[in-house]
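Notes to accompany the following structure.
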Amino acid sequence: QFVGIFIMLIVGVLVGVPAIQGVYDKVGTKETLPGITIWFSNLVNSILEHWYLPTAIIFAIVVGVIFYINTPKGKYNFDYFKYTMPLFGKLIFSLDFLRFSRAMLLNLNNGIRIQDSLETSKNVVKNTVLRSIIESSINDIILGQSWVESFEKSKLASPMIIEMLNIGMRTDLKEMMVKLLEYLQIDIDNTLAKIMKVLPEIVTVIVGRALIFLVVVVLVPCIEVYMGGWLFEAAGV
């Protein structure tokens, strides 16, 4: 819908607006197009006339972003943005943590100690932020500290996850990991349900504003021409 409205907007500005202006000029009326229509028409014509400038700017931005996220710092910041981005950040982190927790439980069930389980399980994680948290937790074990602290300090894991891990360390970690996986799956399903509820509303707002802009820029001048009030002005009535 948004693409369709955008195409209608561009076609209306390139074809409809000049046609309406031509009618005004031919009849000799002093009526003019709305200011926003003239502004947007000049903007589109300017972009088309100097198309190489916005193309070069967009190309430079894309190349710069790709180059930055391929650097160690850029990749870390981009991965951190994935976990903190609006709407989808929590879901992405929960999915990665669910994958890590499954690998962790598998290793524990095979009799592998916690430190080695963390070392092995981090290989299923592609996000550098979560991998760095896991590596910090391994170092905490070496220093004689709780490996859960690194996850707690990251502020990415929910308080429920941290509490369940702490309880598991005091009781039976394998049993608690099973419950943690069940909780994560429920949390992911709830997050998906919220996203599916909010996303259409966001799309509706975006498309609605684009439609309003189309009406103001293109359809209002067309309606004014159809109503014919400018003919009386041209005739001096």
Side-chain angles (χ1 to χ4, degrees), residues 65-203 205:
V65 170
I66 293 176
F67 176 80
Y68 177 71
I69 63 178
N70 283 324
T71 62
K73 182 179 180 181
K75 182 172 178 55
Y76 182 89
N77 290 333
F78 182 64
D79 286 343
Y80 186 79
F81 170 75
K82 291 179 183 178
Y83 285 163
T84 57
M85 66 186 297
L87 196 60
F88 296 101
K90 180 182 177 181
L91 176 63
I92 295 174
F93 176 79
S94 297
L95 290 171
D96 285 348
F97 196 82
L98 176 65
R99 190 180 299 112
F100 160 73
S101 299
R102 284 175 176 169
M104 186 76 176
L105 178 60
L106 179 62
N107 290 323
L108 292 174
N109 287 333
N110 289 330
I112 302 177
R113 61 178 185 167
I114 297 178
Q115 180 177 345
D116 294 334
S117 297
L118 290 169
E119 186 69 39
T120 305
S121 301
K122 75 176 184 180
N123 295 322
V124 304
V125 178
K126 302 301 180 183
N127 191 289
T128 56
V129 175
L130 184 54
R131 285 179 66 93
S132 65
I133 296 173
I134 298 172
E135 291 171 355
S136 297
S137 66
I138 296 173
N139 293 331
D140 289 340
I141 294 177
I142 297 175
L143 297 175
Q145 301 173 358
S146 173
W147 62 275
V148 183
E149 290 185 6
S150 295
F151 292 93
E152 185 175 3
K153 292 177 180 178
S154 68
K155 304 297 183 181
L156 294 173
S158 66
M160 178 63 73
I161 293 176
I162 300 301
E163 186 63 23
M164 293 180 73
L165 291 176
N166 285 326
I167 294 175
M169 289 298 296
R170 294 193 298 265
T171 56
D172 188 341
L173 183 57
K174 289 187 290 186
E175 181 181 353
M176 186 55 66
M177 289 298 293
V178 174
K179 296 181 179 179
L180 177 60
L181 290 174
E182 295 176 355
Y183 167 77
L184 286 172
Q185 190 61 60
I186 294 174
D187 186 57
I188 289 173
D189 293 340
N190 292 335
T191 303
L192 278 173
K194 292 178 181 179
I195 291 175
M196 295 305 296
K197 181 180 179 180
V198 173
L199 197 59
E201 298 176 0
I202 296 176
V203 173
V205 171

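Residue indices begin at 1 and follow the sequence shown.
Note: Ile162 CD1 to Lys153 NZ = 11.5 Å, rounded to the nearest 0.5 Å. To the nearest 0.5 angstrom, Leu192 atom CG is 11.0 Å from Leu199 atom CG. The distance from atom CD1 of Ile133 to atom CD1 of Ile138, rounded to the nearest 0.5 Å, is 12.5 Å. One finds the OH atom of Tyr83 at 11.0 Å from the CG atom of Leu91 (value rounded to the nearest 0.5 Å). A distance of 4.5 Å separates NZ in Lys90 from OG1 in Thr191, rounded to the nearest 0.5 Å. Note: Thr84 OG1 to Ile92 CD1 = 9.5 Å, rounded to the nearest 0.5 Å.
Between Phe100 and Val124, the shortest heavy-atom distance links the atoms CA-CG2, 4.0 Å. Between Asn166 and Ser146, the closest heavy-atom pair is OD1-OG, 4.4 Å. Scanning both residues, Leu87 and Ile195, for their nearest heavy atoms gives O-CD1, 3.4 Å. Across Ser137 and Trp147, no two heavy atoms sit closer than the pair CB-O, 3.1 Å.
Here the side chain of Arg131 pairs a donor or acceptor atom with the backbone of Val125 at under 3.5 angstrom. In terms of modelled atom types and a separation under 3.5 Å, the side chain of Asp79 and the main chain of Val129 share no donor-acceptor contact.
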Taking only distance into account, with no hydrogens and no angle test, what donor-acceptor pairs under 3.5 Å do side-chain atoms of residues 105-119 form with protein atoms, sequence neighbours excluded?
| from | atom 1 | to | atom 2 | distance (Å) |
| --- | --- | --- | --- | --- |
| Asn107 | ND2 | Ala103 | O | 3.1 |
| Asn107 | ND2 | Ser121 | OG | 2.9 |
| Asn109 | ND2 | Leu105 | O | 3.3 |
| Asn110 | ND2 | Leu106 | O | 3.1 |
| Arg113 | NE | Asp116 | OD2 | 2.9 |
| Ser117 | OG | Ile112 | O | 3.2 |
| Ser117 | OG | Arg113 | O | 2.9 |
| Glu119 | OE2 | Lys122 | NZ | 3.1 |

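Annotation: side chain of Asp187 is not in contact with side chain of Ile161 (no heavy-atom distance under 4.5 Å). Counting only heavy atoms from C-beta outward, the side chains of Pro159 and Glu163 never approach each other to under 4.5 Å. When side chains are defined from C-beta on, Asp140 does not count as touching Phe151, because their heavy atoms never get closer than 4.5 Å. Asn127 is not listed as a side-chain neighbour of Phe93, based on a closest heavy-atom distance of 4.5 Å or more.
Within 6.0 Å of atom CE in Met160, 12 or fewer heavy atoms from other residues, nucleotides or ligands are found, so the atom counts as exposed in its surroundings.
For the side-chain contact (heavy atoms from CB on, under 4.5 Å) test with Ser101, the passing option among Asp96, Leu181, Leu165 is Leu181; the others fail. Met164 pairs with exactly one of Lys179, Met177, Met169 by the side-chain contact (heavy atoms from CB on, under 4.5 Å) rule, that one being Lys179.
Shown here are the side chain to side chain donor-acceptor pair (under 3.5 Å) partners of Asn123, two or more places apart in sequence or in another chain: there are none. Not counting sequence neighbours, the partners of Asp189 by the side chain to side chain donor-acceptor pair (under 3.5 Å) test are Gln185.
By the 30° and 60° cut-offs, the orientation of the rings of Tyr80 relative to Tyr76 is parallel.
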